[in-house]
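Have a look at the structure below, then the notes.
The chains referred to below are lettered A, B, ... by the order of the sequence lines, with proteins before strands, and numbering in each begins at 1. What you are looking at is a predicted structure, and each value in this text was computed from that prediction instead of being measured. Values below: every heavy atom of this structure, side chains too, minus hydrogens, waters and symmetry copies.
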Amino acid sequence: MPHSPEFLLRLLQRFPRRPNQINQIHSLLISEGHLLYNPNAAYTSLKWMSTLLYNALTRAYLGLGQAHKTLVLFTHMLAHQAPPNSHTFPSIIKAAASSSPSLGKPLHTQVIKHGVLIDPFVQTSFVGMYAQLGEIFDARKMFEEMSQPCVVACNAMLDAFGKNGDMGSALLLFERMPERDVVSWTSVINGFGKNGCFSDAVKFFEKMMAHEDVMACLVKPNEATYVSVLSSCANLDGGGALCRGKQIHGYAIRNEIEFTVFTGTALIDLYGKTGCLRSALNVFNQMVFKEVCTWNAMISSLAANGREAEVLDMFEKMKVEGQRPNEVTFVAVLTACARGKLVEMGLKLFQSMLHEFGIAPLMEHYGCVVDLLGRAGLLKEATGFIRSMPFEPDGSVLGALFGACKIHGAIELGNAVGERLLELQPRHCGRYVALSNINAGMERWDHAADLRKAMVVAGIQKIPAYSLIDCM
DNA sequence: TTAGGGTTAG
């Protein structure tokens, strides 16, 4: 018994995040011929049915994070002559931005060809896409072509400036906006955070909370706002991170914000980075739903606070609870093994990455293993391991070996690695100082002094180290 | 033509 296209369309809209249902509906739509364009249909609504169904399908696949499939479906749509309309392109543009940057310009051409570039939803999608591709000039051009950009379009442009490191322009636009909503404020807070201006992000959040729109409850911070500001707070240097973070946590509780996987993970990260492990664990244990990022935040917090045994326990617990570790999990776990000199365990975990979990080790993981072997004094093994790498080691990998040479007084090897590092990282002040110290240790005073002089000539200054006890 | 655009965690 065939299904009516209207029925299948309603089903598609009802199960937007269930892959099985979407695949089944897609199959039915194909087998029952609903995706074929019918230009001779009796009614206009029927004539547009295939377009409508394609639009709902592409949106559904995009919602599942299947950007590539979304784009393939769009090519099928064109091949079957189902005419795309202004509702088609926002999903397609978003899919291209995340998975196929080279399709950006051809899509722009398609949009012009179908006469829908005038549509504000399509224009806003392009602002987002060009921002994502780092083409800020094109994003800005598209935005400036909009006759009366609404708050959503302005927010897309705010985010575009933030993504491309131009917070000055973001602030200018923010000030000029006739209307601002929670996304406008959050985009600026997030922009500051993404550009490393953590203190500005926190100050902007405070400005938001004191603003008349928030006071009058016209604008209310939401989950994204709290996650952005907490993330900046966790990275605040110069003290005050824990104090500010606790204040913001308090704001969130008073504003009855729903504690979700996102907010919970941001809080664990904050408390972990500020050394408040008990609070991190409290948040973690209270969370009903945990995702891989939640486990990673907790494992990284334990690793950063020297709790190697608990890192490994948590890693086991994660697997028992059915959560699959990812590449970030392994960075945290391998770091803990290196710090705890758990060589055998670290190597076993490194091997398991590919063999048990199908995760190809990245440069960071190789760096962790070099650190693991190097800290344990196994310099020969560390050197051999670097030689066996499938790609050329970068500064972080050689830096780990160099660090181990310093710890274990391996002057000759340290000198050789240090010279190589200077070629790779000519602006890294610590490398000059450390290499100079190694030469001084060998009583090669001329070479040590030359390195210091080279630093001065290159205009590289050593940043004075400082330590800080942040209490509240 | 019922739909479509902006912010969030390691």
Side-chain angles (χ1 to χ4, degrees), chain A residues 5-6 9-10 12-13 16 43-60 62-63 83-94 97 116 119-129 131-132 139 142-143 146 149-160 162-163 180-191 193-194 221-232 234-235 257 260-270 272-273 283 287 290-301 303-304 325-332 335 364:
Chain A
E6 289 86 355
L9 181 64
R10 274 200 301 279
L12 257 185
Q13 289 161 348
Y43 304 102
T44 312
S45 60
L46 280 179
K47 207 167 130 184
W48 281 99
M49 186 48 79
S50 55
T51 297
L52 206 61
L53 287 165
Y54 268 114
N55 292 354
L57 263 179
T58 48
R59 232 185 94 62
L62 187 66
N85 62 10
S86 62
H87 291 263
T88 312
F89 287 99
S91 313
I92 307 301
I93 295 167
K94 203 170 177 181
V116 289
D119 185 276
F121 284 69
V122 174
Q123 290 170 318
T124 306
S125 303
F126 274 130
V127 172
M129 183 196 79
Q132 178 87 19
M142 181 60 70
F143 179 70
M146 296 179 80
C150 67
V151 65
V152 177
C154 291
N155 290 345
M157 195 63 230
L158 280 179
D159 183 56
K163 274 202 174 88
R180 299 173 197 124
D181 64 9
V182 59
V183 181
S184 324
W185 287 95
T186 306
S187 298
V188 175
I189 294 168
N190 189 47
K194 285 280 175 291
N222 66 13
E223 185 192 33
T225 323
Y226 283 109
V227 171
S228 281
V229 72
L230 284 169
S231 157
S232 277
N235 290 298
I257 185 89
T260 59
V261 170
F262 263 85
T263 38
T265 304
L267 281 168
I268 294 167
D269 183 47
L270 166 84
K273 281 190 176 138
V283 175
M287 286 174 70
K290 298 182 179 88
E291 283 180 16
V292 65
C293 283
T294 320
W295 289 93
N296 289 348
M298 195 61 246
I299 291 174
S300 302
S301 297
N326 67 9
E327 65 276 17
V328 179
T329 324
F330 279 100
V331 171
T335 305
E364 274 174 289

[X] has a side chain; which of [options] sits nearest to it?
X	options	result
A/S228	B/dT7, B/dT8, B/dG4	B/dT8
A/L52	B/dT2, B/dT7, B/dT8	B/dT2
A/S231	B/dG5, B/dT7, B/dG10	B/dG10
A/M146	B/dG5, B/dG4, B/dA9	B/dG5
A/D159	B/dG4, B/dA9, B/dT7	B/dT7
A/A224	B/dA9, B/dG4, B/dT8	B/dT8
A/E223	B/dT8, B/dT7, B/dG4	B/dT8
A/C293	B/dT8, B/dG10, B/dT7	B/dG10
A/N190	B/dG5, B/dG10, B/dT7	B/dT7
A/N222	B/dG10, B/dT8, B/dT7	B/dT7

Just call it for [X]: base, sugar-phosphate, or nothing, with non-hydrogen atoms closer than 4.0 Å on any strand.
X	result
A/M49	base
A/T260	nothing
A/S300	nothing
A/L9	base
A/C154	nothing
A/S91	nothing
A/E6	nothing
A/V261	base
A/K163	sugar-phosphate

Which heavy atom of [X] sits nearest to which heavy atom of [Y], and what is that distance?
X	Y	value
A/G264	A/V283	O-CG1, 3.7 Å
A/M287	A/T260	CE-O, 4.0 Å
A/I257	A/E223	CD1-N, 3.5 Å
A/M129	A/A97	CG-CB, 3.5 Å

Separation of [N] [atom2] from [X] [atom1] (nearest whole Å):
X	N	atom1	atom2	result
A/W185	B/dT7	CH2	C1'	14 Å
A/K194	B/dG10	NZ	C1'	11 Å
A/F126	B/dG5	CZ	P	14 Å
A/M142	B/dG5	CE	P	17 Å
A/L12	B/dT2	CG	P	17 Å
A/F262	B/dA9	CZ	C1'	6 Å
A/D119	B/dG4	CG	P	13 Å
A/Q132	B/dG5	CD	P	15 Å

Under 4.0 angstrom between A/R59 side-chain N/O and B/dT2 OP1 or OP2
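So the side-chain polar atoms of A/R59 never come under 4.0 Å of the phosphate oxygens OP1 or OP2 of B/dT2.
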
With a sphere of 6.0 Å drawn around CD of A/E6, does it hold more than 12 non-hydrogen atoms of other residues, nucleotides or ligands?
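More than 12 within 6.0 Å, yes.
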
Do A/N85 side-chain and B/dG4 base share a donor-acceptor contact under 3.5 Å?
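A donor-acceptor contact between them is absent.
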
Using a distance-only criterion (donor-acceptor N/O pair, under 3.5 Å, no hydrogens), is the base of B/dG5 paired with the side chain of A/S125?
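It does not, because no donor-acceptor pair links the side chain of A/S125 to the base of B/dG5 below 3.5 Å.
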
Minimum side-chain heavy-atom gap A/N85-A/W48 below 4.5 Å
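Yes. Closest side-chain heavy atoms under 4.5 Å.
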
Within this structure, what is the CG-CG distance for the pair A/L53 and A/L12, rounded to the nearest 0.5 Å?
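Between atom CG of A/L53 and atom CG of A/L12 there are 7.0 Å.
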
